[in-house]
Each structure stands twice: as structure tokens, then as C-alpha cells.
Asks: 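Before I ask anything, let me first share the structure, which is written out below as C-alpha cells.
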Amino acid sequence: MFEGWKGRWVAGLGVVAMLSACADAPPPKVAAASGRHVSPASVPAPVLPEGSFDRDRAKQALTAALAARQAGQLPEARRLAEAAVDAWPADLDAWAALADICQAADDQNCRRQADFFKAKVDYANTLPARSAVLGFQTIAEEPVGTAGSAITYDRKSLDTASRLWAFYNVQDLRQDGRQVPPGPSFSEEYPYLPAILVVGVIAGVLTTANSMAGK
């Protein structure tokens, strides 16, 4: 009988060793799904200086831009409208005002770009911030001269896409709490617990085997 329990004890130790190895093994990598559309790799977004995005500053600039537009001061109106979209790129009214001012100044390239980004922002605002981040990253990484859906990307439009990429990344950081340093993981806080559990299991197996062998 003791020999039978000795065999079970050895088998039990083998199972414990296998479980311990499985617990330490890293999770398997999941292959990327194949298909026609491939999302861009998640790379660090541009980081702009603190205070680059300010909703109140954007509203003040937009109000001043509309006043300058009403007074016929188109260069000043455009400068202020561009300041508004820079300060809060998700503001559809600021993009609309910029498009109108560019149209009044007969600058069709400016008007097309303002309309283009207004449409992109309008759609991005319906998405999770992470999706908007990837969308504007895709545009920002295009080479100069690439034909987009409504414009050909020049340096200015790609810089605008980079700013939108940075803006929505800030919103994503705020939404998922990534700006808060994570606490230690369970295994980091209790590094010896797995070993203690294994020892406890082995001790239980030995106790049971000794008890049965004495009968």
C-alpha cells in the first residue's frame, strides 16, 4: 500500500511542478488578424507643452475671430480662428468659423483643409478617444503629397493631424487613468506567495501519504 501511495505522491509532485511552470510562463502571443485593413501600430503620440490645450482659451479666441470676421478684418480673423482650433481641436464651431473665414478670403486650400478636419473631428468625437488617436496617427504618418479623401496632404495638414493625434491622446489618458502611476501588481507585492502555496500543497500530499501508509 505504501508503494502505491508513494507513486501517487511522486505524481502529485509532478502535477504541482507543472502548475508552477504554467503560472510562471508568459501568456501566448496573439497573432494579428489578417485582413485588408490593418490598424497602425500603437506608437507614442506627440507630447506638446503643458497648457497647449485649453477650452476656455479656445472659446475666447473663437469669439474674437467671429468679431474680426464681422468687422471685415479677415487676416486677424483667420489668425484667431487658427488659435482657437489649436487650443481645442475638437471644437467643431472653431473649424466651421475657420472654413468660413478662408472662404471669405478666397483661400480655397485653407477652406478645404478646414472642412476636411471639421468632418474628421465631427466623426472622431463619436468614437472612443483611443480610436480617434489611431485615426489621426494614420493621417499624420502619411508622406507629404499623399492624396487624402478630400485634400492632398501638405506639411501644414500633416502638422494639424499630429496636433489632433496629440490632443485625443491626452483625452484618452484622462479617460482610462493612464496618467496615474499604477500600483504594484499582486505578484510584485507578494513575491513569495506562489512558493508558499506550492510548499503547502506538497506538505498536504506528504501528510496524506504518511497517514495512509500508517494504516
Side-chain angles (χ1 to χ4, degrees), residues 29-62 65 75 77-103 105 107-182:
K29 295 182 178 180
V30 179
S34 60
R36 296 183 61 187
H37 177 74
V38 179
S39 296
S42 180
V43 300
V47 177
L48 301 186
E50 185 72 23
S52 293
F53 303 121
D54 187 311
R55 191 191 294 267
D56 291 337
R57 188 172 76 244
K59 289 181 178 178
Q60 293 171 2
L62 178 57
R78 175 173 173 174
R79 183 187 71 80
L80 290 165
E82 289 177 339
V85 297
D86 280 352
W88 200 258
D91 189 343
L92 293 174
D93 290 338
W95 285 109
L98 179 59
D100 174 67
I101 292 166
C102 292
Q103 177 65 34
D107 187 336
Q108 297 306 316
N109 185 57
C110 170
R111 191 268 307 163
R112 282 193 295 271
Q113 290 201 18
D115 282 338
F116 173 81
F117 283 109
K118 176 179 179 293
K120 294 295 184 184
V121 167
D122 189 19
Y123 179 61
N125 287 347
T126 68
L127 302 174
R130 171 67 359 199
S131 298
V133 168
L134 294 175
F136 286 112
Q137 176 192 340
T138 301
I139 297 174
E141 292 179 340
E142 292 286 358
V144 171
T146 301
S149 58
I151 62 172
T152 297
Y153 300 131
D154 57 11
R155 186 69 266 158
K156 180 176 177 58
S157 58
L158 295 178
D159 287 345
T160 300
S162 292
R163 193 173 187 89
L164 283 156
W165 177 11
F167 171 80
Y168 282 102
N169 185 63
V170 171
Q171 309 315 306
D172 186 39
L173 291 173
R174 291 173 178 170
Q175 286 179 16
D176 68 9
R178 282 188 287 138
Q179 78 277 23
V180 179

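If you're wondering where the values come from, they're calculated on a predicted model, not measured in any experiment.
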Asks: Give the minimum heavy-atom separation between Pro143 and Leu158, together with the two atoms involved.
Replies: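 In terms of heavy atoms, the two residues are closest at C-CD1, 4.1 Å.
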Asks: Using a 4.5 Å cut-off on heavy atoms from C-beta on, say whether the side chain of Asp115 contacts that of Arg112.
Replies: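 No, too far: nothing below the 4.5 Å cut-off.
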Asks: Return the CZ to CD distance between Arg174 and Gln171, rounded to the nearest 0.5 Å.
Replies: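 One finds 5.0 Å between CZ of Arg174 and CD of Gln171.
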Asks: How long is the straight-line distance from CD of Gln113 back to CZ of Arg111, given to the nearest 0.5 Å?
Replies: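 That separation rounds to 11.0 Å.
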Asks: Taking only residues two or more places apart in sequence, or in another chain, which ones meet Asp107 in a side chain to side chain donor-acceptor pair (under 3.5 Å)?
Replies: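 Side chain to side chain donor-acceptor pair (under 3.5 Å) list for Asp107, sorted by chain: Arg78.
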Asks: Judged by modelled atom types alone, do Ser157 and Asp154 share a side-chain donor-acceptor pair under 3.5 Å?
Replies: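 Judged by distance alone, the side chains do pair up.
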Asks: Please report, to 0.1 Å, the donor-acceptor pairs under 3.5 Å made by any side chain of residues 87-102, with sequence neighbours excluded.
Replies:
unit_1	atom_1	unit_2	atom_2	d
Asp91	OD1	Asp93	N	3.0
Asp91	OD1	Ala94	N	3.4
Trp95	NE1	Pro89	O	2.8
Asp100	OD2	Arg69	NE	2.9

Asks: In sequence, state the C-alpha distance, the side-chain angles, and the governing distance for Lys156 and Asp159, and then conclude on side-chain contact (heavy atoms from CB on, under 4.5 Å).
Replies: CA-CA 5 Å; Lys156 180 176 177 58; Asp159 287 345; 5.7 Å; no
Asks: State the CD1-OG1 distance between Ile139 and Thr160, to the nearest 0.5 angstrom.
Replies: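 Taking CD1 in Ile139 and OG1 in Thr160, the distance rounds to 10.0 Å.
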Asks: Please tell me whether Gln60 and Arg57 have a donor and an acceptor in their side chains that are separated by less than 3.5 angstrom.
Replies: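 The answer is no; no qualifying pair exists.
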Asks: Out of the candidates Asn125, Leu127, Leu173, only one should pair with Tyr168 under the side chain to side chain contact (heavy atoms under 4.5 Å, CB included) rule; please name it.
Replies: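 So, applying the side chain to side chain contact (heavy atoms under 4.5 Å, CB included) to Tyr168 and each of Asn125, Leu127, Leu173, only Asn125 qualifies.
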Asks: When you compare the side chain of Arg163 with that of Ser52, does any pair of heavy atoms fall below 4.5 Å?
Replies: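 In short, these two side chains touch, coming nearer than 4.5 Å.
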Asks: For the residue pair Phe116 and Ser149, what are the closest heavy atoms and their distance?
Replies: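 Nearest pair, atom of Phe116 first, then Ser149: CE1-OG, 3.4 Å.
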Asks: Under the side-chain contact (heavy atoms from CB on, under 4.5 Å) rule, what do Val43 and Glu141 come out as? Steps first, then yes or no, please.
Replies: CA-CA 11 Å; Val43 300; Glu141 292 179 340; 3.8 Å; yes
